[in-house]
> 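Before I ask anything, let me first share the structure, which is written out below as structure tokens.
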Amino acid sequence: MVKVATTKLDRTRVARTALDLLNETGLEGLTLRAIAQRLDVKAPALYWHFKDKQALLDEMATEMMRRMGEEFLSTPDADWRVALTAAMRGLREHLLRYRDGAKVFSGTHYTDLSYAAPMEAHLRVLAGAGFAPDAAARAWFTVYSYTIGFVIEEQAAGGPGPGRGDGGYDLAARAERLAAYPLAAAAGEVMFRSHDRGFEEGLAAIVTGIGATLATSGERE
């Protein structure tokens, strides 16, 4: 007897299942075959929806964006500094919900326009504060790139979130290897510990820099 699926298989269902499985396997262990097993279908069935793993990652990132848009990105504060800071805090918080979440999100191509309204809202805040269109785009992309990069590094270093394994670098062993380089050795505590503080300090520095270099002269004053 042929087993008939009780729930229709579509791109969104596959992406959601993949995000659930991601926390167990990590990005390297996430395969179409493993996802098919979780869905109780044959692997070739997934190729009707995704030609390869990258296409799946694109849909996973899009599903993450849909969830983020519902939570915090669509109603930015009128103060551009507050708006950018809050958005990037929210982005980091969301990415940390998934093992290797930032890696999944980085470099993917969205499969729908769920990102457009939130981006437009933030660019409008910047434009309303006097940013030229290209400066507003640069400001947004700069804080976005910082956040993605920071989370990639903190997840690789065993920071917060699911599937963190052994907790990251052995700083004592690192310091011993770098005994001849005391400043580099001491930097480990800053780079690989206190991730929340590190993110906030870096984000504040970038937002301040945006105000000094990309805002209009009137806004800087």
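These numbers were taken from a predicted model, which means no experiment stands behind them. Numbers here are sequence positions counted from 1.
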> Any salt bridge between R89 and E200, counting N to O under 4.0 Å?
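The answer is yes: the pair qualifies as a salt bridge.
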> For F199, does the six-membered ring have the charged nitrogen or CZ of R92 within the cation-pi criterion, i.e. under 6.0 angstrom from the centroid and within 45° of the normal?
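Pair R92/F199 counts as cation-pi.
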> side-chain contact (heavy atoms from CB on, under 4.5 Å) between L91 and I148: does it pass, once the steps are laid out?
CA-CA 8 Å; L91 175 59; I148 296 294; 4.2 Å; yes
> Answer yes or no: is there a side-chain heavy-atom contact under 4.5 Å between M64 and Y98?
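Result yes, sub-4.5 Å side-chain heavy-atom pair found.
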> Considering residues, nucleotides and ligands other than R138, do more than 12 of their heavy atoms fall under 6.0 Å from its CZ?
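For R138, atom CZ is not crowded (no more than 12 foreign heavy atoms under 6.0 Å).
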> Answer whether the closest heavy-atom distance between the side chains of L30 and V104 falls below 4.5 Å.
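Heavy-atom side-chain distance check fails, nothing below 4.5 Å.
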> Counting C-beta onward and ignoring hydrogens, is there a side-chain heavy-atom pair between R66 and T12 closer than 4.5 Å?
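Yes - at least one pair of side-chain heavy atoms lies under 4.5 Å apart.
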> Applying the side-chain contact (heavy atoms from CB on, under 4.5 Å) test to L19, which of R97, E63, E59 qualifies?
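It is E63; the other options fail the test.
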> Without swapping roles, check the side chain of D77 against the backbone of V82 for a donor-acceptor pair under 3.5 Å.
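Side chain of D77 to backbone of V82, a donor-acceptor pair under 3.5 Å: no, none is there.
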> Distance from L183 atom CG to Y181 atom OH, nearest 0.5 Å?
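One gets 12.5 Å once the value is rounded to the nearest 0.5 Å.
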> Can you find a heavy atom in the side chain of Q155 that is under 4.5 Å from one in the side chain of K103?
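No, side chains not in contact.
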> Contact between I210 and F131 at the side-chain level, heavy atoms closer than 4.5 Å - yes or no?
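They are in contact (side-chain heavy atoms under 4.5 Å apart), so the answer is yes.
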> Taking C-beta and beyond as the side chain, do F105 and L95 meet within less than 4.5 Å on heavy atoms?
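With C-beta onward as the side chain, the pair touches.
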> Tell me, please, which residues at least two apart from A78 pass side chain to side chain contact (heavy atoms under 4.5 Å, CB included).
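Counting only residues at least two positions away or on another chain, A78 forms no side chain to side chain contact (heavy atoms under 4.5 Å, CB included).
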> Rounded to the nearest 0.5 Å, how far apart are OG of S145 and CE of M88?
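One finds 9.5 Å between OG of S145 and CE of M88.
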> How about NZ on K42, more than 12 heavy atoms from neighbouring residues, nucleotides or ligands closer than 6.0 Å, or not?
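No, NZ of K42 has 12 or fewer neighbouring heavy atoms, counting only those of other groups under 6.0 Å.
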> Could you check whether the rings of W140 and Y144 sit parallel, tilted or perpendicular, using 30° and 60° as the cut-offs?
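W140 vs Y144 ring planes: parallel.
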> Can you check whether T85 reaches L203 side chain to side chain, under 4.5 Å on heavy atoms?
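Side-chain contact under 4.5 Å: yes.
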> Should T108 and M60 count as side-chain neighbours, where that means a heavy-atom distance under 4.5 Å?
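SC-SC contact between T108 and M60 ruled out.
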